[in-house]
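First the structure, in the form of structure tokens, and then the observations on it.
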Amino acid sequence: MGMVGGGQDAFIGAIHRLAANMDGLIELKCGALSIRPETALASGKALFLPESRTYLTYEEMIKAEAALPVDERIDFVTIVTPNFAHFAPAMMALDHGFNVVIEKPMTFSLEEAKLLQQKVEETGLILCLTHTYSGYPMVKQAKAMVSEGKLGKIRKVWVEYPQGWLSKLSEREGNTQAAWRTDPKKSGKSSVMGDIGTHAAHLAEYITGAKITDVCAELNTLVEGRVMDDDGAVLLKFDNGSKGVLMASQVAAGEENALRIRVYGEKGGVEWFQHDPNTLMVRWLDEPAQVLRAGSNYANLSSFATHNCRTPGGHPEGYLEAFANIYRNFALTLNCKLEGTTPTPEMLDFPSVEDGVRGMAFIDNVVASSQSDKKWTPFVL
């Protein structure tokens, strides 16, 4: 792979490299690692990249790599820049025949997302979106139980993502991550829903297999002096008739990344909490509750859960492993494509360009609903 962004001055680039490297399927071969030339060069040296493949711009990288012989050039580009700098390198990579992995949200706007989707469809290339939380084995187990009908018809979804790191006006205190995430010119229409609300919405759709059809939203700016929203709540309607509640806040003082989802059907419900990711709580209407654990030898664990476990039961697997599952499934699928073989359903289980479009539409629709006097806003793509 070649990386755009993610140098020594970056936040998420090292996480992507660790995840991509975990299974020995992917090798970092080149990078345009920073918009600052000195940082780009220093970052490439620190990562043992040859100077000839340590580029100063993504344009230079993509053009140079495309000019190399097929057996020498990279297979895909991974983009780990802030939101506003996703679209251009992704589009250029696809135009030059490279598959793409991209940080979420996929683009700065819904219009850009649709253009990327069109380009993916035209080229037949693969675009993977790093909605990390769908990579956890017990999230995949929850999805399998829903799809197999074990919970019965789904009726209710609660998903919440409270953080506390923006409880102060950190963007004016030298916090680079806070500064771009609360700048509408760099973050997009919504700060809290773009940054973490999209994760919650994707998780709700991923586990249930249902699509959001209508939203009723309120966005708030609770820290005085901030120019973008930092808190919000959304009522949801799904195309399977179920109802949902989504909460996302970055001013829940003291919280870390307390993502939690509960899904209830006619027969029972499941609950998953990121602070205890190896556990899936299953509650039944007329039977004792169950606690399912990743890595265990239960006969009823789905192939999608076991495919994404690495360690024996009782050994924790967390955020890095979930992130790595996204990269591994993408890499296995890409290998199949390069070799002319058929990937398994388990390999194909990673977020795609369609998820990216829905994520951007979620942001647009939530903002429109929050600004509307109507109770419900139809979810429009």
Does [atom1] in [X] sit with more than 12 non-hydrogen atoms of other residues, nucleotides or ligands closer than 6.0 Å?
| X | atom1 | value |
| --- | --- | --- |
| D71 | CG | yes |
| E51 | CD | no |
| K45 | NZ | no |
| K211 | NZ | yes |
| K168 | NZ | no |
| K29 | NZ | no |

Are K374 and W376 in a cation-pi contact, defined as NZ or CZ under 6.0 Å from the six-membered ring centre and within 45° of the axis?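 No, cation not above the ring by the 6.0 Å, 45° rule.
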Centre of Y264's six-membered ring, under 6.0 Å away, within 45 degrees of the axis: is that where NZ or CZ of R155 sits?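 No, R155 and Y264 do not form such a contact.
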Could you check D229 against S190 for side chain to side chain donor-acceptor pair (under 3.5 Å), going step by step and ending with a plain yes or no? CA-CA 6 Å; D229 52 74; S190 171; 3.0 Å; yes
Could you check, using the six-membered ring where one of them is a Trp, whether [X] and [Y] have ring centers closer than 6.0 angstrom?
| X | Y | answer |
| --- | --- | --- |
| H96 | F98 | no |
| Y327 | F350 | no |
| F323 | H16 | yes |

Cationic N near anionic O, under 4.0 Å, [X] to [Y]:
| X | Y | result |
| --- | --- | --- |
| R310 | D23 | yes |
| E111 | K114 | no |
| R260 | D276 | no |

task = Quick one: sort the Y206 and H202 rings into parallel, tilted or perpendicular, breaks at 30° and 60°.
result =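 Taking H202 first and then Y206, their aromatic rings lie parallel (interplane angle under 30°).
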Practice prompt. Fit a plane to each ring of Y136 and W272, take the angle between them on a 0 to 90° scale, and name the class: parallel (under 30°), tilted (30 to 60°) or perpendicular (over 60°).
Written response: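 Because their plane-to-plane angle lies in the 30° to 60° range, the rings of Y136 and W272 count as tilted.
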Would you indicate whether the side-chain heavy atoms of [Y] and [X] approach each other to under 4.5 Å?
| X | Y | result |
| --- | --- | --- |
| Q141 | V146 | no |
| T130 | P351 | no |
| E321 | T311 | no |
| L259 | E160 | no |

Among the clusters formed by ILVMFWY side chains lying less than 4.5 Å apart, do [X] and [Y] turn up in the same one?
| X | Y | result |
| --- | --- | --- |
| I102 | I35 | no |
| V380 | M360 | no |
| M92 | V77 | yes |
| L129 | L115 | yes |

Could you give the distance from [atom1] ([X]) to [atom2] ([Y]), rounded to the nearest 0.5 Å?
| X | Y | atom1 | atom2 | answer |
| --- | --- | --- | --- | --- |
| L235 | K243 | CG | NZ | 10.5 Å |
| K153 | S242 | NZ | OG | 7.5 Å |
| T132 | L320 | OG1 | CG | 10.0 Å |
| M228 | K185 | CE | NZ | 12.5 Å |
| N300 | E148 | CG | CD | 9.5 Å |
| D195 | T182 | CG | OG1 | 10.5 Å |

Indicate yes or no for a side-chain donor-acceptor contact from N365 to the backbone of A361 under 3.5 Å, with no hydrogens or angles considered.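 Judged by distance alone, yes, a pair lies under 3.5 Å.
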Please name all residues satisfying side chain to side chain donor-acceptor pair (under 3.5 Å) with Y161, sequence neighbours left out, ordered by chain then number.
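Checked Y161 against side chain to side chain donor-acceptor pair (under 3.5 Å); matches are Y133, N257.
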Test side chain to side chain donor-acceptor pair (under 3.5 Å) applied to D231 - qualifying residues, sequence neighbours left out:
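For D231 the side chain to side chain donor-acceptor pair (under 3.5 Å) partners, ignoring immediate neighbours, are N220, S249.
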Practice task
Please report the C-alpha distance between T279 and R293 in whole Å, then the side-chain angles of each, then the deciding distance to 0.1 Å, and finally whether the side chain to side chain donor-acceptor pair (under 3.5 Å) criterion is met.
Solution key: CA-CA 5 Å; T279 298; R293 295 280 293 167; 2.6 Å; yes
### Message
Does E218 form a side chain to side chain donor-acceptor pair (under 3.5 Å) with S370? I'd like the steps, not just the answer.
### Response
CA-CA 5 Å; E218 180 186 54; S370 183; over 6 Å; no
> Could you walk me through whether Q163 and Q250 pass the side chain to side chain donor-acceptor pair (under 3.5 Å) check?
Replying inline: CA-CA 4 Å; Q163 295 178 335; Q250 293 174 305; 3.1 Å; yes
Distance only, no hydrogens: is a donor on one side chain within 3.5 Å (strictly under) of an acceptor on the other, for Y55 and E65?
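A pair is found: one side chain offers a donor N or O, the other an acceptor, under 3.5 Å apart.
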